[in-house]
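A short write-up of the structure that comes next.
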Amino acid sequence: MPATAAEHDRAVAEVSHVPHLLAAAMVAGAADDPLAGTLAAGSFRDGTRVAATRAELVAAMCGGNADAVGPALDAVLEALHRARAAVDADDPIAALRDWLAPASAARAAWPHRPGTARELPVRVDDLLALGRAGGWVTSVAPDRRTVTAVRPVRPAPA
């Protein structure tokens, strides 16, 4: 997946590093509540699996990418503030449904299906555009002048 270092760091902060922090926060919230621990089921198990990762590893991963983790964490906190406002709305069920619907649709559409493979010349701008579109390189020609690349097929908006 072609990307600049900054693009890579931003993306992994969103999909790897911040989820570790969220999982840790969720576990910490339930750790001293025996009833919660007994009632915890699939969503807690799946949402907190990475909290069992060694603290030293997560600290190094997140701390080493702090410049990208901070803004990604801020975005999640803002989203959670919107969820909190939905809980306090006059009609919390409708407000939560509206808040949850885009994420539900996005998760249902992931992972994207691979599109048709095609050859691309090895040019930095073309490769970065491929990565920014979520595409990836599947092979490099022996002469290293072209690559075979795939872009994801995204479902049409509902």
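Hydrogens, waters and symmetry mates play no part in the numbers below; they use all other heavy atoms, side chains included.
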* Quick one: closest heavy-atom pair of P71 and A66, and the distance? => CD-O, 4.4 Å
* Hey, could you give me the CG/CZ distance between L77 and R82, rounded to the nearest 0.5 Å? => 11.0 Å
* Asked: Taking the side chain from N65 and the backbone from D9, do they hold a donor-acceptor pair closer than 3.5 Å?
  -> yes
* How many angstroms lie between atom CG of D126 and atom OG1 of T146, to the nearest 0.5 angstrom? -> 12.0 Å
* Asked: Do V122 and V150 belong to the same hydrophobic cluster, where Ile, Leu, Val, Met, Phe, Trp and Tyr are linked whenever their side-chain heavy atoms lie under 4.5 Å apart, directly or via other members?
  -> no
* Please test T4 against L128 for side-chain contact (heavy atoms from CB on, under 4.5 Å), starting from the C-alpha separation and ending with a verdict. => CA-CA 7 Å; T4 65; L128 289 175; 4.0 Å; yes
* To do: Identify the heavy atoms of L96 and A83 that sit nearest to each other, and give their distance.
  => CD2-O, 4.0 Å
* To do: Evaluate the criterion side-chain contact (heavy atoms from CB on, under 4.5 Å) for residue pair H17 and V12; output intermediate values, then yes/no.
  => CA-CA 6 Å; H17 304 145; V12 297; 3.4 Å; yes
* Asked: Does M1 belong to the same Ile/Leu/Val/Met/Phe/Trp/Tyr cluster as V147, with side-chain heavy atoms less than 4.5 Å apart forming each link?
  -> no
* **Steps toward side-chain contact (heavy atoms from CB on, under 4.5 Å) verdict (H20, T53)** => CA-CA 8 Å; H20 277 273; T53 305; 3.4 Å; yes
* Asked: So, S16 side chain and A13 main chain: donor-acceptor pair closer than 3.5 Å or not?
  -> no
* Asked: Which distance, rounded to the nearest 0.5 Å, do you find between the OG of S43 and the CE of M26?
  -> 7.0 Å
* Shortest non-hydrogen contact from V50 to P19? -> CG2-O, 3.9 Å
* Asked: From R132 CZ over to D125 CG, what is the distance, rounded to the nearest 0.5 angstrom?
  -> 8.0 Å
* Is the side chain of T48 donor-acceptor paired with the backbone N or O of A51 at a distance under 3.5 Å, no angle test? -> no
* Below 4.5 Å, heavy atoms only, C-beta onward: do V69 and L21 meet side chain to side chain? -> yes
* Transitive ILVMFWY side-chain link V87 to I93, under 4.5 Å -> no
* To do: I would like to know whether F44 and L39 meet side-chain contact (heavy atoms from CB on, under 4.5 Å); could you show each step before the answer?
  => CA-CA 9 Å; F44 185 80; L39 291 172; over 6 Å; no
* Does a donor on one side chain and an acceptor on the other come within less than 3.5 Å for T138 and T148? -> no
* Asked: Measuring from H81:NE2 to R84:CZ, what's the distance to the nearest 0.5 Å?
  -> 10.5 Å
* To do: State, with a plain yes or no, whether a side-chain heavy atom of R113 is found less than 4.5 Å away from one of R154.
  => no
* Between the main-chain N or O of A79 and the side-chain N or O of W99, is there a donor-acceptor pair closer than 3.5 Å? -> yes
* To do: Report whether L130 and V124 are members of the same hydrophobic cluster (ILVMFWY, side-chain heavy atoms less than 4.5 Å apart, transitive linking).
  => no
* Asked: Do other residues, nucleotides or ligands put more than 12 heavy atoms under 6.0 Å from the CG atom of D143?
  -> yes
* Asked: Same cluster for L120 and V140 if Ile/Leu/Val/Met/Phe/Trp/Tyr side chains link at under 4.5 Å?
  -> yes
* Structure fact -> Heavy-atom nearest pair, A129 first then R151, reads O-NH1, 4.0 Å
